[in-house]
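None of these values were measured; they are calculated from a predicted model.
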Amino acid sequence: MTTGIVAECKISIDGDRRLTGFRLPGEAFGVEIERYSVTSEALTDCVISLFPTNAPAANARLFAAMARQLKRVRSDHLLTTFRSVPERIAAFLVDLADRGMGECFHFPMARSDIADFLGTTEPTISRALAELERRGAIKRRPRGRIEIMDRASLTQVTQGDASHNPLNREPEISHA
């Protein structure tokens with residue numbers, strides 16, 4: 001993908017939608033060996049680049065794209081599985097910054113999508129962002145922008161022990 005933001009979703013047999021990840025500019029998606037396992041939804045205007053399958057360099061480019069996608073899926077899994085909700089939110093902010101959004105960005109996705117992806121609720125997202133701002137780690141700017149003010153503090157939250165983390169006040173929600 002050249003520009004834009006894409007959400008990847010899994011639709012259950014009952015029609016429930018579960019966000020499984022977000023793809024940002026420069027990241028591959030839709031690289032599947034068998035039948036597509038997720039649905040991709042454009043969250044912003046996107047420019048998509050296709051890999052030609054009959055060009056000599058296609059195999060190497062496809063392999064590199066698949067390796068990057070596997071790394072991203074693993075990273076998303078670790079982000080949403082083994083952390084408290086506040087740690088997930090802090091890690092999500094650091095991850096977006098590291099993936100090219102920069103230190104000051106507008107969420108390209110709805111809070112409901114973020115909550116779905118992180119396995120929590122919109123009010124929990126809002127409370128955690130307010131607490132991160134109170135602690136000086138971030139600053140909420142006009143028009144929904146978030147600025148990372150103290151990356152070291154934000155990173156510390158992502159690595160904290162859930163039982164000793166002052167941000168860990170909300171129970172986790174299971175999407176089982």
Side-chain angles (χ1 to χ4, degrees), residues 1-12 14-55 57-80 85 88-126 128-130 132-133 137-149 151 154 158 175:
M1 177 169 50
T2 305
T3 63
I5 310 293
V6 170
E8 292 183 333
C9 311
K10 182 76 172 172
I11 309 295
S12 74
D14 298 332
D16 292 331
R17 175 181 168 265
R18 173 78 169 123
L19 251 108
T20 59
F22 297 102
R23 299 297 162 247
L24 304 179
E27 297 177 352
F29 71 96
V31 181
E32 305 285 340
I33 293 173
E34 296 177 1
R35 189 171 187 260
Y36 291 107
S37 59
V38 296
T39 299
S40 298
E41 299 175 6
L43 299 178
T44 64
D45 289 340
C46 295
V47 175
I48 307 296
S49 299
L50 301 177
F51 284 108
T53 57
N54 58 355
N59 287 338
R61 290 182 68 204
L62 185 58
F63 179 76
M66 289 175 69
R68 285 189 302 272
Q69 183 176 353
L70 180 59
K71 183 179 179 183
R72 176 86 257 133
V73 167
R74 187 177 322 127
S75 178
D76 287 350
H77 175 70
L78 292 173
L79 172 68
T80 60
V85 172
R88 289 179 216 167
I89 294 166
F92 183 68
L93 295 174
V94 170
D95 183 59
L96 286 177
D98 288 348
R99 290 167 63 195
M101 298 292 289
E103 298 293 308
C104 186
F105 56 87
H106 180 273
F107 281 129
M109 62 286 292
R111 290 242 173 120
S112 59
D113 288 341
I114 297 168
D116 180 26
F117 175 62
L118 296 177
T120 188
T121 63
E122 289 180 67
T124 299
I125 298 273
S126 295
L129 290 173
L132 288 170
E133 184 173 37
I138 66 167
K139 178 79 175 160
R140 292 182 287 180
R141 299 287 183 190
R143 292 181 294 231
R145 294 183 68 79
I146 300 287
E147 183 174 1
I148 296 175
M149 304 299 291
R151 189 180 182 96
L154 194 59
T158 71
H175 287 285

Problem set entry | Beyond-backbone contact of E133 with K139, side-chain heavy atoms, under 4.5 angstrom | yes

Exercise. Do the side chains of L129 and R111 get nearer than 4.5 Å, heavy atoms only?
Worked result: yes

For this session: Can you see which heavy atom on G4 is nearest to which on P25, and at what distance?
Result: O-CD, 3.2 Å

Seminar exercise, completed: On a heavy-atom basis, the closest approach of L19 and F117 is O-CD1, 3.8 Å

Problem set entry | Least distance between heavy atoms, H106 atom then R143 atom | CD2-O, 2.8 Å

Exercise. For the atom pair CZ (R140) and CD1 (I146), what is the distance rounded to the nearest 0.5 Å?
Worked result: 7.0 Å

Exercise. Roughly how far, to the nearest 0.5 Å, is CG of L154 from CD1 of I148?
Worked result: 5.5 Å

Exercise. Side-chain contact, heavy-atom cut-off 4.5 Å: L132 with L93?
Worked result: yes

For this session: Would you indicate whether the side-chain heavy atoms of I114 and R88 approach each other to under 4.5 Å?
Result: no

Seminar exercise, completed: Minimal heavy-atom distance between A97 and F105, with the atoms involved, is N-CE2, 4.4 Å

For this session: If the plane angle is over 60° it's perpendicular, under 30° parallel, otherwise tilted; pick one for F107 and F92.
Result: parallel

Seminar exercise, completed: Value for CD (E27) from CD1 (I5), rounded to nearest 0.5 Å, stands at 8.5 Å

For this session: Kindly compute the distance separating OG1 (T3) from CG (L24), expressed to the nearest 0.5 Å.
Result: 11.5 Å

For this session: Mark yes or no for whether R17, through its side chain, and C9, through its backbone, hold a donor-acceptor pair below 3.5 Å.
Result: no

Exercise. Hey, is the main chain of A90 close enough, under 3.5 Å, to the side chain of T158 for a donor-acceptor pair?
Worked result: no

Seminar exercise, completed: In this structure, CG of L96 is separated from CE of M109 (nearest 0.5 Å) by 5.5 Å

Problem set entry | Spacing of CD1 belonging to I125 relative to CD1 belonging to I89, to within rounding of 0.5 Å | 4.0 Å

For this session: Would you mind reporting whether T44 and C46 have side-chain heavy atoms less than 4.5 Å apart?
Result: yes

